[in-house]
Amino acid sequence: MSGIQIYDSHQGALSTFEPLQAGRVGMYVCGPTVYSHVHLGNVRTFLSFDLIFRYLKYRDYTVRYVRNITDAGHLVDDADEGEDKVAKRAKLEQIEPMEVVQKYTVNFHDVMRAFNALPPSIEPTATGHIVEQIAMTQQLLANGWAYEANGSVYFDVEAYSQKHPYGELSGRNTEEMMSGSRDLDGQSDKRSPLDFALWKKASEAHIMRWASPWGEGFPGWHLECSAMSTKYLGEEFDIHGGGMDLKFPHHECEIAQNKGAHHHGGARYWMHANMLTLNGKRMSKSTGNTLLPEEVLSGDSPHLSKAYSASVARFFIHQAQYRSVLDFSDEALQASEKGHQRLMNAFTTLSQRANHGPKEGQFDVEAWQNRCLDAMNNDFNSPILIAHLFDAVRAIQADHQDPGHLGQMGATALLSHLKAWMFDVLGLQTDAASGAAGASSQKALDAAMAIVLDARRKAREQKDWAASDAIRDQLAAGGIQVKDGAEGSTYSIQE
RNA sequence: GGUCUCGUGGCCGAGUGGCUAGGCAAGGCUCUGCAAAAGCUUGUACAGCGGUUCGAAUCCGCUCGAGACCUCCA
């Protein structure tokens, strides 16, 4: 077991993780734009970083995890008249922009809670940090990396690239990008198509607007993350994460803004979570190739044969490493469900183990624990960790036959480690803990109740009232109320 | 078109120069009144072609295929 290795996508290589301050980690992750429901692909990214957050905590780091909510400034496209995503949605749904934000923020939080993602330390919103964004824009203007044009302020990529390597993160250079970009149509205030907005003037119709030194407007999308990461984590901090698709332009622009305003590019380690594909194509809100987390929990989707618990979905996601593309399918999820069940069963077996057998066992729990740590230290390789958990499953089963396999001390140690890996690090939940299992529990209860009610019906037919009433009373004592009607008996659960 | 990533057994998915990944499915066995569950066990896969090497899924080249990004996207 050694230190944690992180794949830094800026360097394109594994790098030993050394936090700026010993024992402390500052981590920023780009959160959702709350203009519609998060889909399962979004969820994968947030669960990937949740795993990292959980593992860092497990390793006793004090982590400040900042994940923003983008509630303004994210445009539908880059045209000057591009609509704000939130404002567009507000028009469509005929509600206030902040109602859109509230609605989908609540949805996002519900989903994160259902999937057992820990809340971040700070969850700042773009609209709550207009002041900081204006200040950063002013700093960039003062440093000569930005210019004002007609009430908007743009980042001057050409000027910046004279002194800094714009494109360093995504491996591009400005000439290539110029040749690939479309020409300005003469309508733009930009000097170059590569320039991006720090502050945009609000047109008459634009409803989300704030006062600024350049008139009424709204902040550019890339700016919020620079402003908020700096505010809460400092000009230089440890980890910046986000989806692979944000690498360019979003993260590239962040680096440019940070270097232009301060002297650091912000994060020391850049981490990019890969996509979740559906039918071999990336999930995307705009193409409609999506699956909602709620659909996984309800099974209500043409892509699914049944409902799955959030813990099973989480297990499925962590069975692939965060940097790999993961293809979603019902078949793959079913496989995960079986494996998840086996793991849970073994855990139950171990937790109910009688205190018997020799003190010392044959299974080397410490060596096993070190293998688990090695797996996670190697760029959070959760599939390897899970493979090791199944080694533990086999050991638990062997011990079940022969208590000398683990021994009393080994069993105690393994239980404590296994519990931490499964629930604290991987964030799995037992069926009882995750309410999402409601559908299958309900089905099981229905089956059981059908038998009970049928037995009671027979008793009633034979006028065996003692038996019939005993069933009803005992069910009532257990919180189940029996209701006799003309069409037979039904039941309901008393809250 | 440019930049980059990937192609592993029926499915999902690790590995990145020699040593069993793992899960699911499948076959066999044990247990079992039947069934289920559970356990044990088997399987030799790395897109194709060429090269480097004592040795390659792993390195290099080419071919084919897939995907991502190139100012909407986790």
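In what follows, chains are A, B, ... by sequence order, proteins preceding strands, each numbered from 1.
- Both distances falling under 3.5 Å, in either a Watson-Crick or a G-U wobble arrangement, occur for no nucleotide opposite B:G9.
- B:A66 atom C1' lies 16 Å from atom CZ of A:R282, rounded to whole Å.
- Judged by Watson-Crick or G-U wobble contacts below 3.5 Å, the nucleotide B:A47 has B:U63 as its partner.
- For A:R282 and A:D245, the salt-bridge test passes: some basic side-chain N is under 4.0 Å from an acidic carboxylate O.
- One interatomic measurement links the two molecules: NZ of A:K338 to P of B:G23, which rounds to 14 Å at whole-angstrom precision.
- A salt bridge does not link A:D374 with A:R371: every distance from a Lys NZ or Arg NE/NH1/NH2 to an Asp or Glu carboxylate oxygen is 4.0 Å or more.
- Counting non-hydrogen atoms under 4.0 angstrom, A:H272 reaches nothing in the nucleic acid.
- No more than 12 heavy-atom neighbours from other residues, nucleotides or ligands sit within 6.0 angstrom of NE2 on A:H400.
- The number of heavy-atom neighbours closer than 6.0 Å to CD of A:E366, taken from other residues, nucleotides and ligands shown, is 12 or below.
- Using a 30° and 60° split on the angle between ring planes, A:Y58 and A:W421 fall in the tilted class, from 30° to 60°.
- Ring-plane geometry between A:H164 and A:W145 is classed as perpendicular, the angle between the planes exceeding 60 degrees on a 0 to 90 degree scale with a lower cut at 30.
- Comparing B:G1 with B:C59, their P atoms are spaced 26 Å from each other, to the whole Å.
- Between A:Q334 atom CD and B:A26 atom P there is a gap of 11 Å when expressed in whole angstrom units.
- B:U53 sits 12 Å from B:G18 when the C1' atoms are compared, rounded to a whole Å.
- The nearest whole Å value for the distance from the NE2 atom in A:H388 to the P atom in B:G23 is 12 Å.
- Nucleotides B:G13 and B:G17 have their P atoms positioned 23 Å apart, rounded to a whole Å.
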Detail all sub-3.5 Å separations between protein N/O atoms and N/O atoms belonging to nucleotides 58-60 of chain B.
none

* Structure fact -> Contact string for nucleotides 5-17 of chain B, one letter per nucleotide 5' to 3', B = base within protein heavy-atom range under 4.0 Å, S = sugar-phosphate only, - = neither, reads ------SSSSS--
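- Per the geometry, NE2 belonging to A:H251 stands 17 Å off P belonging to B:U71, to the nearest Å.
- Annotation for A:Q362: atom CD counts as buried by contact number, over 12 foreign heavy atoms lying within 6.0 Å.
- Each of A:D391 and A:L276 was matched to the nucleotide of RNA chain B holding its nearest heavy atom; the match closer to the 5' end belongs to A:D391.
- Using a 4.5 Å heavy-atom threshold, the side chains of A:R64 and A:I122 count as touching.
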* Contact pattern, 5' to 3', of nucleotides 28-43 of chain B - B, S or - by protein heavy atom under 4.0 Å -> ----------SSS---
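- Nucleic acid contact for A:G41: base, since at least one base atom lies under 4.0 Å from a heavy atom of the residue.
- Comparing the C1' positions of B:A36 and B:U58 gives a spacing of 43 Å, expressed to the nearest Å.
- Both distances falling under 3.5 Å, in either a Watson-Crick or a G-U wobble arrangement, place B:A26 opposite B:U42.
- Aromatic ring centres of A:Y232 and A:H129 lie closer together than 6.0 Å.
- As rounded to the nearest Å, B:U71 and B:U3 have P atoms that lie 15 Å from one another.
- Put simply, A:K247 has no side-chain N or O that comes within less than 4.0 Å of OP1 or OP2 on B:A68.
- B:G1: Watson-Crick or G-U partner is B:C70, with both key distances under 3.5 Å.
- Contact check on A:E337 versus A:K306 returns a salt bridge, with a Lys/Arg side-chain nitrogen under 4.0 Å from an Asp/Glu carboxylate oxygen.
- With C1' as the reference atom, B:U5 and B:G9 are 23 Å apart, rounded to whole Å.
- Residues A:F380 and A:I6 meet the side-chain proximity criterion, which asks for heavy atoms closer than 4.5 Å.
- Taking the centre of each ring, A:F328 and A:F316 come in below the 6.0 Å mark.
- The separation of B:C31 from B:A35, taken at their C1' atoms, amounts to 13 Å, rounded to a whole angstrom.
- The distance between the ring centers of A:F423 and A:F347 falls below 6.0 angstrom.
- For the C1' atom pair drawn from B:A57 and B:U20, the interatomic distance equals 15 Å after rounding to whole Å.
- Base pairing annotation: B:G55 forms no Watson-Crick or G-U wobble pair, as no partner gives both donor-acceptor distances under 3.5 Å.
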